[in-house]
Amino acid sequence: MVLQESISTAIDSIRANLLRSLLTTIAIVIGTASVIAMVGIGSSAQRAIDDSITNLSARTLSVYPSRGRGSQKISAAPLSISDADALIKDQEINWRVSPEIRGSKSLKYKNESISISVIGARESYLSIQGYEIDQGAFFTERDDLARKRVAIIGSSVGTELKTSSKALVGEEVDLGGVTFKIIGVAKSEGSSGWSNPDEQIYIPLLTASDRVFGRDRVDSIRVEVPNTYTPEEAMISIERVLRREHDIGPGEENNFRINDWSQFTDLQKQATAIFSALLIGIAGISLMVGGIGVMNIMLVSVTERTREIGLRKALGATHQAILLQFIIEAVTLCIIGGIIGVIFGSSLYFLVTVFQDWVFTIPFSAILGSVIFSACVGLFFGIWPARKAAQLEPAVALRYE
Amino acid sequence: MNVIQVKDLTKHYSLGTQTVEALRGVSFGIEQGEFIAIMGPSGSGKSTLMNIIGCLDSPTDGTYHLNNQEVSTLEGDELAGIRNKEIGFVFQNFHLLARNSALDNVMLPLKYAGVDKEGQLKRAKNALSQVGLESRMDHQPSELSGGQQQRVAIARALVNNPSILFADEPTGNLDSQTGHDVMQLFHNLHQQGQTIILITHENEVAAEAQRTIFIKDGLIESDIRKEKL
Ligand SMILES: Nc1ncnc2c1ncn2[C@@H]1O[C@H](COP(=O)(O)OP(=O)(O)OP(=O)(O)O)[C@@H](O)[C@H]1O
Ligand SMILES: [Mg+2]
């Protein structure tokens, strides 16, 4: 009997028990839906990460002093403002350099006092960080050179001082015993995980160095590199300048370290990969469960249709014809489940892309792959019931009540 | 030449420790074009005999020649091929596929015979018109009366031009009027030269046949030929 005939017989009998058939395929539906949603969400998330690397992270390098890790060769050599100046003077790459002095001080206004994270920085800090000013203005290069006592506060500092940030503009505050004038408020940025820019206060670098912290050691130097250079090229240049500044001879180790943010995103990539591997595993298990469900329902179907099988054999159906009929029925059931799963999975994924503002891209290979895999599940779990059907003795099957 | 020649057929069923001897040595021959009724009390072995000469089952012992071919030693797909080409079955409870139209039901043996779609349609329509149901070919069994369903089953049995038509109590589920119509159909088929073997309990049904074989306890009790008028 031709294949087409078996397929239409299979579809007929699935339709005859439509509800039961659809319930049977639920696990298959869940399995394929999660594969499709995972592959889609995974690839969109990857794309979003890639985009953020090219947007920001990969172009911004941070230089830190080496932590004394017991290696005696590395003398404790802090990063200083002059290191930053040397980087600025170096013209090989037209990077932007932003040294930072950080520390914690108490901030007093009227009768309120809080502990606050202070950032002493250059006037370029704001744009390198991608922050914006809400009220007033950021300090200028002249403010910095004149070591002026002016400050910009994060948007939620005002409320911590029992007033509003807006009301503080133009007011004088006491920062670690030094009187500062608030000249601006930064727009709210939200917490970035390890620090919250909204709860910080920004002052000119030289003011921080001379009047507040009394040191010209900086905590970090951010270097923003134009897109035309790779992070590796930028690293080599930074190394060259700083090794010269720190008098490091050939063969000696760096006494500073350069963070490339792409290392961080590599980790993130790894985490996503592990996450999706886990979910694919779960999807695999649910496909197996689905297969067993299909096998169960096929066994029920074979029993219910014993007389039909007997009749078909009486009319001349061969072993193979019956085998094929029931295998195709199981495979068709699983393919239908797979297709419903693809539809559910891509709808779910579509919703996620809408909420996350991601690009919707499902690789066609994923769709084809998961439907083919469902078909294989049907084939594998359909063989046993189909063999049972094909092995029925016609005379016995016809008498079955 | 005999279409069917059986000799010393026995069939034993073993049920655990017990053995049921359904047939205990049956021998007879059937000629081309004969119309035979098999009668006997319930449990005497009629259906068992039909299963064996209908190639649905193999005998425990004895020989069976169908069209001069020894078939008692064949199995599986070889028997399926013989059932498909040489034998047409009509059952007491019709055995139609409930979700298929009358036409599809009649086409089924042709599908297993590997006949092309066009040939299937032509021959199935032809068989349906032979039983007077051409106008009902798109109806499903549930939309047909019992007599009509049995006629569809007869069309299905005839569609592959079998050497023998077997009917196991074909009127058992029908009222007397419809039963009579169905017997008329068998009568006409016999007139056209069809070999027919029919199992029945009813004397009026058996009266249509030329020859009646009585079976009792797995043995032939009598084999009576009516004189031709
Ligand atoms: N598959 C089987 N397994 C065991 N015993 C069987 C089987 N088929 C038939 N028998 C037994 O063989 C004997 C003959 O059965 P068979 O069905 O041939 O009788 P029958 O003459 O057709 O009866 P009825 O007129 O009631 O249809 C019975 O005793 C029956 O119980
Ligand atoms: Mg019987």
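Just so you know, these numbers use all the heavy atoms, side chains as well, and skip hydrogens, waters and symmetry mates. The chains referred to below are lettered A, B, ... by the order of the sequence lines, with proteins before strands, and numbering in each begins at 1.
- Here the options are B/Val131, B/Val159, B/Leu133, the test is side chain to side chain contact (heavy atoms under 4.5 Å, CB included), and the partner is B/Ile154; only B/Val131 passes.
- For the side chain to side chain contact (heavy atoms under 4.5 Å, CB included) with B/Ile197, the lone residue among B/Asp168, B/Val3, B/Leu165, B/Ile4 that qualifies is B/Ile4.
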Worksheet item: Between B/Asn160 and B/Arg123, is a side-chain hydrogen bond (donor to acceptor under 3.5 Å, both in side chains) present by the stated rule, with each step listed?
Response: CA-CA 8 Å; B/Asn160 224 357; B/Arg123 285 165 66 178; 2.9 Å; yes

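- For residues 75-105 of chain B, a heavy-atom distance under 4.5 Å to chain A picks out B/Asp77, B/Ala80, B/Arg83, B/Asn84, B/Phe89, B/Phe91, B/Asn93, B/His95, B/Leu97, B/Arg99, B/Asn100, given by residue number.
- For residues 53-65 of chain B, heavy-atom neighbours of chain A at less than 4.5 Å comprise B/Leu56, B/Asp57, sorted by residue number.
- Put simply, CZ on B/Phe186 and CG on B/Asn188 are 11.5 Å apart, with the number rounded to the nearest 0.5 Å.
- Of all non-hydrogen atoms in B/Gly218 and B/Ile215, the two that sit nearest each other are N-CG2, 4.2 Å.
- Atom NE2 of residue B/His201 and atom OG1 of residue B/Thr171 lie 11.0 Å apart, to the nearest 0.5 angstrom.
- Listed here is the closest heavy atom pair of A/Met288 and A/Phe373: CE-CZ, 4.3 Å.
- Nearest approach of B/Tyr112 to A/Gly316, heavy atoms of both residues: CB-O, 3.8 Å.
- Here the CZ-NZ distance, from B/Arg24 to B/Lys216, works out to 10.5 Å after rounding to the nearest 0.5 Å.
- Taking 4.5 Å as the heavy-atom cut-off, the residues of residues 375-398 of chain A that approach chain B are A/Pro394, A/Ala395, A/Leu398, ordered by number.
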Worksheet item: Given the rule in the side-chain hydrogen bond (donor to acceptor under 3.5 Å, both in side chains) test, do B/Ser163 and B/Asn67 qualify, once you have shown the distances and angles that lead to the verdict?
Response: CA-CA 8 Å; B/Ser163 311; B/Asn67 291 327; 3.3 Å; yes

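- Using a cut-off of 4.0 Å between Lys/Arg side-chain N and Asp/Glu carboxylate O, A/Glu308 and A/Arg312 are scored as salt-bridged.
- Put simply, CE on B/Met50 and CD on B/Glu169 are 10.0 Å apart, with the number rounded to the nearest 0.5 Å.
- Residues of residues 326-345 of chain A never come within less than 4.5 angstrom of chain B, heavy atom to heavy atom.
- Residue A/Val35 comes nearest to A/Ser370 through the heavy atom pair CG1-CB, 4.3 Å, listed as atom of the first residue, atom of the second, then distance.
- Proximity of a side-chain donor or acceptor of B/Ser14 to a complementary backbone N or O of B/Gly16 within less than 3.5 Å is not detected.
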Discussion item. Set out, in order, the CA-CA distance, both residues' side-chain angles and the distance that settles side-chain hydrogen bond (donor to acceptor under 3.5 Å, both in side chains) for B/Thr19 and B/Glu21, then state yes or no.
Written reply: CA-CA 6 Å; B/Thr19 312; B/Glu21 297 185 16; over 6 Å; no

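- The CZ atom of B/Arg156 lies 9.0 Å from the CD atom of B/Gln150; values are rounded to the nearest 0.5 Å.
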